[in-house]
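Written below as structure tokens is the structure these notes are about.
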Amino acid sequence: MLLAVLIANSEGNILVERFNGVPAEERLHWRSFLVKLGADNLKGVKNEELLVASHKSVFIVYTVLGDVSIFVVGKDEYDELALAEAIFVITSALKDVCGKPPTERLFLDKYGKICLCLDEIVWKGLLENTDKERIKRLVRLKPPTEF
Amino acid sequence: MAQPLVKKDDDRDDEAEYSPFLGIEKGAVLQEARVFNDPQLDARRCSQVITKLLYLLNQGETFTKIEATEVFFSVTKLFQSRDIGLRRMVYLMIKELSPSADEVIIVTSSLMKDMNSRTDMYRANAIRVLCRITDGTLLTQIERYLKQAIVDKNPVVASAALVSGIHLLQTNPEIVKRWSNEVQEAVQSRAALVQFHALALLHQIRQNDRLAVSKLVTSLTKGTVRSPLAQCLLIRYTSQVIRESGVNTQTGDRPFYDYLEGCLRHKAEMVIFEAARAITVLSGVTTRELTPAITVLQLFLSSSKPVLRFAAVRTLNKVAMTHPMAVTNCNIDMESLISDQNRSIATLAITTLLKTGNESSVDRLMKQITNFMSDIADEFKIVVVDAIRSLCLKFPLKYRSLMNFLSNILREEGGFEYKKAIVDSIVILIRDIPDAKESGLLHLCEFIEDCEFTYLSTQILHFLGNEGPKTSDPSKYIRYIYNRVILENATVRASAVSTLAKFGAMIDSLKPRIFILLRRCLFDNDDEVRDRATLYLNTLGGDGSVVETDKDVKEFLFGSLDIPLTNMETSLKNYIQNPSEEPFDINSVPKEVKSQPLVEKKAPGKKPTGLGAPPTGPTSTADTYERILSSIPEFTSFGKLFKSSAPVELTEAETEYAVNVVKHIFDRHVVFQYNCTNTIPEQLLENVFVIVDASEAEEFSEVGSKPLKSLPYDTPGQTFVAFEKPEGVPAVGKFSNMLRFTVKEVDTSTGEAEDDGVEDEYQLEDFEVVAADYMVKVGVSNFRNAWESMGPDFERIDEYGLGPRESLAEAVSTVINLLGMQPCEGTEVVPSNSRSHSCLLSGLYIGNMKVLVRLSFGIDASKEVAMKLAVRSEDENVSDTIHDIVASG
């Protein structure tokens with residue numbers, strides 16, 4: 001299960017937070033845990049360089065893209081490698097929507113589109129689409145090109 | 001030059017001010033949402049409002065029931081718009097709002113229409129939304145369309161239906177299971193993602209049908225799998241099939257191994273790792289099988305990508321637990337990871353090295369770790385502390401340097417959990433390595449001189465009270481203890497008073513001096529401290545004379561409360577709620593341990609906060625068993641519990657009732673504890689007991705049993721059967737078991753059971769009592785010393801041919817398991833390719849007889865293994881018995 005996708009700005013404020021199968025009372029804990037993890041480790045990291053952490057049986061893969069930091073959390077079959085795949089899809093879709101690694105402003109400008117992309121990528125904790133070209137078409141309700 | 005810079009900063013400020021969501025407020029956005037009701041819809045504006053609503057929801061904002069309903073109804077009006085972008089937003093919004101069952105009806109007709117639309121993308125999205133909000137009744141209506149969608153030509157539609165199926169399987173399994181033909185067809189799809197989703201769903205549908213899974217794996221491993229993700233799933237399922245089928249005994253080949261090995265050369269890293277992991281967890285994996293997997297993992301250790309390094313070191317860390325020798329080749333790469341920037345990787349590398357290192361490398365490793373400890377977080381330090389504890393138990397001779405390391409880190413800064421891990425480790429080392437006791441206790445004493453955690457201080461004081469008096473010079477601890485009375489808070493002071501009393505009770509010569517200290521405590525400003533001091537002065541006979549303490553008093557001071565604390569709490573609460581003239585009677589508290597719920601709710605990412613450990617360290621399962629058994633009056637006459645076995649499963653996984661048995665061995669009795677779990681929500685089992693047929697266990701005769709009154713769904717319970725056996729004889733035999741019970745239907749909506757039940761029974765698997773059940777694993781810190789001091793009086797030596805074996809390691813582990821003894825000094829690990837090996841074992845045989853065993857193995861070119869067995873024990877019969885066990889095993 002892909003437990004969470006979280007996107008924050010450089011100050012650690014949450015821009016997008018999507019949880020799957022995480023009880024409401026634990027979400028706040030997760031949020032602060034991830035933001036702290038980012039603050040401790042993401043300084044000076046290059047765009048899209050993947051960092052990894054684990055806590056008990058839960059894995060976290062995270063990275064920076066422009067002004068935003070992206071975290072994905074998973075367990076069981078969503079181990080560090082599957083999460084790396086998921087975060088790769090998310091970063092490519094973001095770059096595609098924003099045209100470049102986004103500033104916070106640009107990210108917020110494209111907020112609706114970004115939500116649609118995330119909806120195509122992760123559906124209730126399962127990875128659904130992995131190809132950015134296809135995602136780009138799907139959010140505009142266009143069928144995939146290969147079809 | 002300065003101007004452009006200033007300008008840039010100005011730009012930034014402007015940008016921040018222009019955030020489209022600046023000052024966003026829920027009430028205002030909900031007002032704005034009224035545009036959804038406009039007769040002339042402005043699609044652009046509606047999309048903007050939905051974006052704002054999504055922003056609020058993604059920030060963790062929640063809508064009240066009324067607010068959500070209102071927004072939901074307005075959003076459904078947007079189906080009138082033909083704007084495609086808006087429609088896509090509407091789908092997402094409905095999913096986010098997840099309307100309640102009575103509201104869904106409003107939107108179903110629109111969604112059903114979209115589901116049959118000619119526009120593929122409407123179909124795909126309508127499926128996803130419907131499946132998200134639907135319930136069982138609606139699902140049967142749309143099932144036909146979903147089945148069609150699974151085999152739709154458009155991969156997005158097919159994937160939408162398949163992923164919906166995966167989610168719906170949790171809530172409506174019987175419906176989704178009917179789709180297996182369509183899903184089977186989708187597995188053959190040329191679209192990579194459709195195949196991936198179909199494979200996942202098909203496996204979930206058929207996971208309990210071994211034959212079907214095996215067929216699926218067989219056909220796909222020969223066919224084409226189009227995406228790395230699907231390939232990973234296939235490897236996982238293959239690994240499951242291998243686990244269930246075992247090695248082909250005739251050829252010695254393992255089915256599907258070639259497939260896994262082939263995946264190690266796949267171009268996707270994800271697949272390589274999955275295959276390597278599958279190989280490393282094969283049961284009884286041989287060195288030959290393991291080598292290619294270890295080799296690829298080793299290559300990834302020096303990858304430039306942290307994720308790959310992490311994945312590699314994590315896998316190798318797991319391998320090191322079972323096959324430390326196989327990982328030693330990677331040690332050099334692993335050592336360079338100690339300085340890895342990513343602390344998770346560094347910690348895993350350290351703990352792996354601690355597992356694979358040999359006795360001679362311990363000191364060098366400790367030096368490296370000391371530098372490393374200062375710059376990692378507490379949670380990583382805890383992992384390292386645990387690894388060091390295991391290392392110390394493996395190489396007891398190295399306790400000095402390891403104990404020093406622990407005491408050094410104990411003095412440094414750290415949070416509660418970290419300090420607790422260190423203290424727990426020192427306590428365990430003191431218990432298991434007698435030589436380490438005195439220095440360990442002194443380290444703990446120094447720690448409480450400056451300890452900020454009340455819980456840890458009291459824990460250590462309690463431990464000190466039990467262990468301190470048994471040391472060579474108990475008086476040296478008194479100063480540390482009495483300092484607590486002067487310097488600490490009331491809780492610690494009270495604890496220190498109890499500890500002082502224990503020293504007084506155990507050591508008569510110290511008694512007069514202890515009394516002086518206790519009398520000073522009578523003037524403490526805390527009630528509890530004064531009460532305890534008064535109590536102890538009276539119970540120990542406060543006249544200060546050097547007399548032996550009464551047995552009852554010692555029992556009172558050192559005995560444990562044999563009542564579960566939760567029961568005590570409940571009884572006391574009841575007593576307070578119903579005031580009575582009668583004083584509280586501790587004998588009225590039930591001693592039965594309440595069963596724990598089956599699935600403990602796990603909080604991912606949360607640090608463990610519960611202080612699970614009782615004052616003297618972590619509760620062992622043995623203590624729990626002892627408490628359970630002593631609470632059953634029928635078994636109290638059996639005397640002291642000698643050993644409890646690990647649970648033996650008597651049912652297969654995923655059956656209606658899960659039962660395992662724990663064998664409790666006493667001098668003249670054995671008690672079988674059947675742990676039962678009812679996995680059917682619609683059933684309540686009552687009067688549950690096991691009929692045991694002991695016809696193949698002649699020396700055993702049944703003497704009693706204790707049925708389980710009630711076994712509700714998901715709450716494990718225990719039933720017991722006791723047998724008598726000849727004293728001191730390691731009687732063995734086979735037992736057949738039948739579970740009997742009365743089953744009652746339960747209405748799952750109300751949780752109430754029907755009054756009438758039906759008697760039923762359920763066949764369980766057989767199990768055996770074997771010789772190893774009469775042996776407790778007890779290690780010795782220095783085998784050579786122990787061997788010499790035992791002396792050759794009752795030594796028995798003999799030689800055995802073990803016939804052709806798979807490997808030397810397999811022969812060694814078979815003999816260790818047969819005897820059930822504790823391997824010492826890491827001698828259970830056989831270096832690969834060695835032709836001979838010596839193994840040292842130690843144990844305690846029934847009747848509390850110490851036994852030491854020296855095994856020398858040799859293997860020849862035809863894999864014939866010969867073994868020399870030398871036994872020393874405190875009784876010649878025991879030495880002979882060990883030989884009998886080996887001869888008959």
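Numbered from 1 within each chain, the chains take letters A, B, ... in sequence-line order.
Ring planes of Y62(A) and F71(A): parallel class, angle under 30° (limits at 30 and 60°).
In terms of non-hydrogen atom pairs under 4.5 Å with chain A, the most contact-rich of K95(B), E269(B), Q48(B) is K95(B). Interface summary for chain A: among R309(B), R128(B), R87(B), the most heavy-atom pairs under 4.5 angstrom belong to R128(B). Chosen from L51(A), L138(A), V61(A), the residue pairing most often with chain B at heavy-atom distances under 4.5 Å is L138(A).
With a 4.5 Å cut-off on non-hydrogen atoms, R18(A) touches chain B through its side chain but not through its backbone. Within the 4.5 angstrom heavy-atom criterion, no atom of N41(A) approaches chain B. With a 4.5 Å cut-off on non-hydrogen atoms, S47(B) does not touch chain A at all. In this structure, chain A has no heavy atom under 4.5 Å from any part of A200(B). In this structure, chain B has no heavy atom under 4.5 Å from any part of I60(A).
More than 12 heavy atoms of other residues, nucleotides or ligands sit less than 6.0 Å from atom CZ of F79(B).
Counting only N and O atoms by type, the side chains of N58(B) and Y111(A) include a donor and acceptor under 3.5 Å apart. Remark: the S159(B) side chain and the N129(A) side chain contain no N/O donor-acceptor pair separated by less than 3.5 Å.
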